[in-house]
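Worksheet: the structure to be examined is printed underneath.
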Amino acid sequence: MTPNPKFGPAAQTPAQRTYVPQQAKATIPELVRKAMPHCHQLCGRYVVGELSWDEVCQLRDALLTHSDRFRDWSDQLPLNGRLLTP
């Protein structure tokens, strides 16, 4: 098998790539439990080789940034004629 430059030398197969999320879960279990379903899907796409780890991190960060902007905006939506304050 020719090495894929998208993945590091120790992450060329799905079995090897499975190690990264497993280590994250073992190291910081509460972080994994609190992760959004979309983040779990991104990890799955990494394991099967669709995404590099850098791409997973970029997509996760983009999603979190978008979620924060939506939350900041939605906190100002009127409720019963009054503005909500954060």
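As the structure is a prediction and not an experimental result, all values here were calculated from the model.
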- Partners passing side-chain contact (heavy atoms from CB on, under 4.5 Å) against Val56 (at least two apart in sequence or in another chain): Leu42, Tyr46, Leu51, Trp53
- Pairs satisfying salt bridge (Lys or Arg N to Asp or Glu O under 4.0 Å), at least one member in residues 35-51, at least two apart: Arg45-Glu50
- Quick one: list whatever passes side-chain contact (heavy atoms from CB on, under 4.5 Å) with Glu30, sequence neighbours left out. Ile28, Arg33
- So, the side chain of Gln16 versus the backbone of Gln12: is there a donor-acceptor pair under 3.5 Å, distance only? yes
- Message: Given Thr18, which partner from the list Val48, Val47, Thr13 fulfils the side-chain contact (heavy atoms from CB on, under 4.5 Å) test?
- Response: Val47
- Message: Show every salt bridge (Lys or Arg N to Asp or Glu O under 4.0 Å) that has at least one partner inside residues 6-27, sequence neighbours left out.
- Response: Lys6-Glu55
- Pairwise distance CZ(Arg60) to SG(Cys43) - rounded to 0.5 angstrom: 8.5 Å
